[in-house]
Structure formats: C-alpha cells, structure tokens
Amino acid sequence: MNNVDSSKEKGPKKKFKLRMPGAFVILFFLTIVAVIATWAIPAGSYSKLSYDSSSSKLQITDPYGKVKTIPSTQEELNKLGVKIDIKQFTSGGITKPVSVPNTYKRLKQKPAGPETITNSMIRGTIEAVDIMVFIFVLGGLIGVVKASGSFESGLLALTKKTKGREFLLIFLVSILMILGGTLCGIEEEAVAFYPILVPVFLAMEYDSIVCVGAIFLASSIGTCFSTINPFSVVIASNAAGINFTQGLTWRIGGLAIAAIFVVLYIRWYSQKVKADPTFSYSFEDRDEFNKMWSVASTEGNENTSFTVRKKIILTLFVVGFPLMVWGVMSQGWWFPTMAASFLTFAIIIMFLTATGKNGIGEKGVVDAFVNGASSLVGVSLIIGLARGINIVMNEGLISDTILQFSSSLVSHVSGPIFILAMLFIFFVLGFIVPSSSGLAVLSMPILAPLADTVDIPRFVIVTAYQFGQYAMLFLAPTGLVMATLQMLNMKYSHWFRFVWPVVLFVLGFGGLMLVLQVLIY
C-alpha cells in the first residue's frame, strides 16, 4: 500500500522533449562546422572576372591571385566562355566577381584555425553594418512611436473597425508582401513591418506563426517566384547570358499558383488558431510573446484617445514603409538611404512626441529612441554572425570546390533528370551561399552553359536556381530565418513545423514546372 501511495504522489512522468537551441547557439555551431570543413574539403577556386571602372577594363584574377587586364569588349567575354552582355559589366549591373567557366584549379589547402571562429563573427558583423544601422534606426523610430501612445490608440480604433473581418488584413498584407518579393526582393526590408503589424495581429487573437507567415513567408514566396526582381532573376539571367524576360510567362503563372497556395495555407492555420488557441504551434510561448509585442489598451482612458497629434504621428510612421518600397524599386535605395529616410521621420516624430500638452520632453524621446534601438541588437548580431559563416567558407577556398563538384554531377544526363539534379544542387548551394545575387554570379556562369549540353534553354536553369535556393532559405540558419525568429523570440522548431509543407510545395511544384519546361522546349 505504501508503495502504491508513494507512486501516486510522484504523479505522471515527464516526457522527454527535444528543444532546439537558440539562434546564437545554432550559428556558433555552424561556424565551427564551417571551420572543420576547411580541413576536410579540398581547396580550389575558379578565376574571377570583374570590371574596373577606373580603367574601363576587365580584370581576371586567376586562382593563384594573379591579375590580368583585358579590353572590356563582347569579343573578349566570348573567348572566356562568359556569355554575358558586356553592358551588364560597364553599366554596373554586375558588381560582384563572376566565375569564369573551365578555370577551376585545386589549390593548396587553406584550413582555418580555431581563432577564425570568433574572428569571422566579428568580420561578418562589420560587413553587415549597413543592415545593422538600418535596424537600429528602425528600432529607435518604433520606440518613439510607442512612447507617444499612438500605437495603443490606433490599435484600439483598428480592432473596432476590423471586428468580424480579421483575415482580410492578413490577406492584404500577404498579397502586398508577395508582390514586394517578386518585384524587388523585399525580404530583409520586411523586418521593418513586424513592429507595426504584429501588435495588430495579436489584437485579432492570432499567434506569432501567423505574423511570420503573412510577412516573411509571403515575401519569400514572392522572391522564390521572382518575375522582375533585380536582385534575383535579373542578375541571374544576366550571369547566365540571357534576357530576364525569357521564361517570364512561366514565372508569372507559377507565382499565381504559389500565392494561392500560401494564402490558403495561412488562412487554414489562422482559422485553426482563432477557433482553438491551443492549436498554435507556438502556444507554449504565447504568454511571453504577447507580453513582448501586444499593446495593452484600455477603452475610455484619456491616454488612449486617438488625438489629431497621434494620428499625424501614426501616419508619418506608416508613410515611411511605402516610401521605402518605392525607393528600393524605382530609385535604387539601399540600406543607408533607407535608414536615413526612417531617421528623418523619427526626428519629426520625436519633436511631436516631446512637445505639446502631454509631451514627454527631450530626455523622454531620446531615451525612447535608444531603448527601441537597443531592443533590436540581437537581431542585428544574428545577421552579422550568419555572414561570418560565408567568410569562413570563402577564405577557406571550399565554396568553389563545392560548386565544381556540383557541376560535375549533372554532366551528360537526360533533360528531366538534369534539371531535377540542378534543383537539388541549388537547394544545397542555398545553404552555403544564402545571398541570391551572390549565388547567381558565382554559379550561373558555370552551371548555365551545362544546359547547352542537354539541349534545354538556359532560363530553365535560372528558374531552378530560384526554386532550389529559396526552398532552402525557408530553413537555412545562414539566411534571414534566424534573424526573423530572433526578432520575434520564436523557436526554430515551431517555425520548422509550420514551414516544411511550404518547402515541399516549392520543391514538388517547382520540380514539376521545371520538367514541363524541359519537355515542352
């Protein structure tokens, strides 16, 4: 009897639950793996071609570091087997070194030492300083708007008007993010939308997964099915030696189907969470997430009244985002310019918040700006640490070796098998080189000519590059995923549970599209 009683007192046994480590631990581990890889993977490099604007000449840097200058003419490019319009170099369309086909050489091993682990983290952070400054300014702007009380008042007004039609807002945000991704590759810039939209989604009783789905997932699907995105399909087509309009009809059709799939998937999940909050994949972190992002508002409180001043502040805050999209798409803005535009709005809002009857004063707005910026330090560091992994692989001379090995796998096979193998190769390369423009200029001059050997159009290779890389970037810690999850304090395991059906869709539907393109052409 005593034994029975004691067993009852112990209660049910706790089940073992595997927990994914945080973003910093994952990236630290991957940095160590990259360092070890520089010892195990043979070193090698292709010759790299670049344009020197000061001399108006093309420069070839061979695998041994010797530089050779040649005239910047189409004839010279044709001799090298680089089928890219010379205007793409001279106009500044291609800014990163391009790999020269058939120039790969094995080199003396260049293994990284233990000190490279921390050194690469620092250097990667320095390389990402433009993005980090943008994020800091954005965080400061958010801090000031929060201190003004405009978020709280505006949220109360918005939730009243959208009551009963909550998914309409998610639908509109998802479509806008998809369009932003396919037209100009808005992904890193999408970080700016979380602070304004997450509190709204929470007030509508959705969870953190819905927030990431409507912003990051939607924008990434748009980029995956890029139509005229200059940072993806345009630069990849240029590097492949073709016009980016080739295959455009296929990409538009694929984008339409992908958009329908993603919107319906987000709708299915959001409805499940709305009906039963415990269905949420991130339910265990619900309270902590709500505490971080929700804006508590009390109806009838004088401080929550939506005054003219608060409307002006919130309008200025919101206007900054379409202005940013316009600048990126039509004016070629990059992170320093975007940061300057947000800082301009921040200064105006700081003045409005500091002055007036309920103003919080100069010290109040400065403290709010600093606190807002400091809250995004973790997000900024994640981006820098991810870049450090790429530095290790590039300086260890193993990136080109992996590329050369990949190209050898798909030589002399049938068209459908060839293109599916290319999809898989780009899926793997997406982990190694998470930058869409970086992977394009490194791989396209090598892999695009292989399409000629199996008699298929080169635009099909460009499409395979888009599908393969972005199927990986939904998952890869080396990409933007970890920064997004860090910003929202979301576990990677929760994100993986939500996104894996989308990855399978991209690979399955994308593979079907590629095979159809091969068979039809």
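No donor-acceptor distance shorter than 3.5 angstrom exists from the side chain of Ser220 to the backbone of Leu217, with no hydrogens or angles considered. For Arg251 (side chain) and Thr245 (main-chain N/O), no donor-acceptor pair under 3.5 Å exists by modelled atom type. Distance alone, capped at 3.5 Å, is enough to place a donor-acceptor pair between the Tyr492 side chain and the Leu475 backbone. Between the side chain of Gln59 and the backbone N or O of Ser50 there is no donor-acceptor pair closer than 3.5 Å. Thr182 places no side-chain N or O within 3.5 Å of a backbone atom of Leu179 that could act as its donor or acceptor partner. With Thr38 contributing its side chain and Gly396 its backbone, the two residues share no donor-acceptor pair below 3.5 Å. Between the Asp285 side chain and the Phe289 main chain, no donor and acceptor come within less than 3.5 Å of each other. Although no hydrogens or angles enter the test, the distance criterion places no donor-acceptor pair under 3.5 Å between the side chain of Ser120 and the main chain of Val392. A donor-acceptor pair under 3.5 Å links the side-chain atoms of Ser72 to the main chain of Ser56, judged by distance alone. Checking side-chain atoms of Thr401 against main-chain N and O of Pro42 turns up a donor-acceptor pair under 3.5 Å.
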Check against side chain to side chain contact (heavy atoms under 4.5 Å, CB included), Thr227 and Leu248:
CA-CA 6 Å; Thr227 51; Leu248 180 59; 3.9 Å; yes
Report task. For Ile86 and Leu58, run side chain to side chain contact (heavy atoms under 4.5 Å, CB included): C-alpha distance rounded to whole Å, both residues' side-chain angles, the deciding distance at 0.1 Å, then the answer. Result -> CA-CA 10 Å; Ile86 187 63; Leu58 292 171; 4.0 Å; yes
Report the C-alpha separation of Ser237 and Gln246 in whole Å, then their side-chain angles, then the decisive distance to 0.1 Å, and conclude whether the side chain to side chain contact (heavy atoms under 4.5 Å, CB included) test is met. CA-CA 8 Å; Ser237 298; Gln246 295 185 36; over 6 Å; no
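For Gln109, there are no side chain to side chain donor-acceptor pair (under 3.5 Å) partners two or more places apart in sequence or in a different chain. Every residue was checked against the side chain to side chain donor-acceptor pair (under 3.5 Å) condition with Tyr265, not counting sequence neighbours, and none meets it. In this structure Ser54 satisfies the side chain to side chain donor-acceptor pair (under 3.5 Å) test together with Asp52, sequence neighbours excluded. Partners of Phe431 according to the ring pair (Phe, Tyr, Trp, His ring centres under 6.0 Å) rule, which considers only residues two or more places apart in sequence or in another chain, do not exist here. Remark: Phe261 pairs with Phe505 by the ring pair (Phe, Tyr, Trp, His ring centres under 6.0 Å) rule, at least two apart or across chains. In this structure, Phe474 has no ring pair (Phe, Tyr, Trp, His ring centres under 6.0 Å) partners at least two apart in sequence or on a different chain. The side chain to side chain donor-acceptor pair (under 3.5 Å) search around Ser280 returns Asp207, Ser282, not counting sequence neighbours. Annotation: ring pair (Phe, Tyr, Trp, His ring centres under 6.0 Å) contacts of Phe467 (sequence neighbours excluded): Phe225. With sequence neighbours left out, Glu76 forms a salt bridge (Lys or Arg N to Asp or Glu O under 4.0 Å) with Lys79.
The heavy-atom pair separating Ala214 from Met177 by the smallest distance is O-CG, 3.4 Å. What you find for Lys57 and Thr69 is that their closest heavy atoms are CB-CG2, 3.3 Å. The two residues Ala112 and Val35 make their nearest non-hydrogen contact at O-CG1, 3.6 Å. Nearest approach of Leu80 to Val100, heavy atoms of both residues: O-CG1, 3.9 Å. Between Tyr465 and Met444, the shortest heavy-atom distance links the atoms CB-CE, 3.2 Å. The two atoms that bring Gly181 and Ser226 nearest to each other are O-OG, 4.0 Å, heavy atoms only.
Pairs passing the ring pair (Phe, Tyr, Trp, His ring centres under 6.0 Å) check and including a residue from residues 96-133, sequence neighbours excluded, read Tyr46-Tyr104. Every pair passing salt bridge (charged side-chain N to carboxylate O under 4.0 Å, His left out) that includes a residue from residues 114-125 is listed here, sequence neighbours excluded: Arg123-Glu395. Listed by first and then second residue, the salt bridge (charged side-chain N to carboxylate O under 4.0 Å, His left out) pairs involving residues 507-521 amount to none (not counting sequence neighbours).
The structure places CD1 of Ile60 at 4.0 Å from CD1 of Ile70, a figure rounded to the nearest 0.5 Å. Annotation: the span from Leu30 atom CG to Ile389 atom CD1 amounts to 4.5 Å, rounded to 0.5 Å. Considering NZ of Lys48 and OG1 of Thr61, their distance stands at 9.0 Å, rounded to 0.5 Å. Within the model, atoms CD1 of Ile209 and OH of Tyr269 stand 4.5 Å from one another, a figure rounded to the nearest 0.5 Å. In this structure, CE in Met393 is found 6.0 Å from CD1 in Ile41, a value given to the nearest 0.5 Å. How far CD1 of Ile117 is from CZ of Phe28: 5.5 Å, rounded to the nearest 0.5 Å.
The closest side-chain heavy-atom distance from Tyr470 to Val506 is not below 4.5 Å. The shortest distance between side-chain heavy atoms of Leu255 and Ile178 falls below 4.5 Å. Within the 4.5 Å cutoff, the side chain of Thr103 has no heavy atoms near those of the Asp62 side chain. Side chains of Leu514 and Val460 form a contact here, defined as non-hydrogen atoms less than 4.5 Å apart. Side chains of Leu77 and Phe89 form a contact here, defined as non-hydrogen atoms less than 4.5 Å apart. The shortest distance between side-chain heavy atoms of Leu488 and Trp495 does not fall below 4.5 Å. At least one side-chain heavy atom of His494 sits under 4.5 Å from a side-chain heavy atom of Glu284. Proximity of Trp326 to Leu323: side-chain heavy atoms (C-beta onward) are separated by under 4.5 Å at one or more points.
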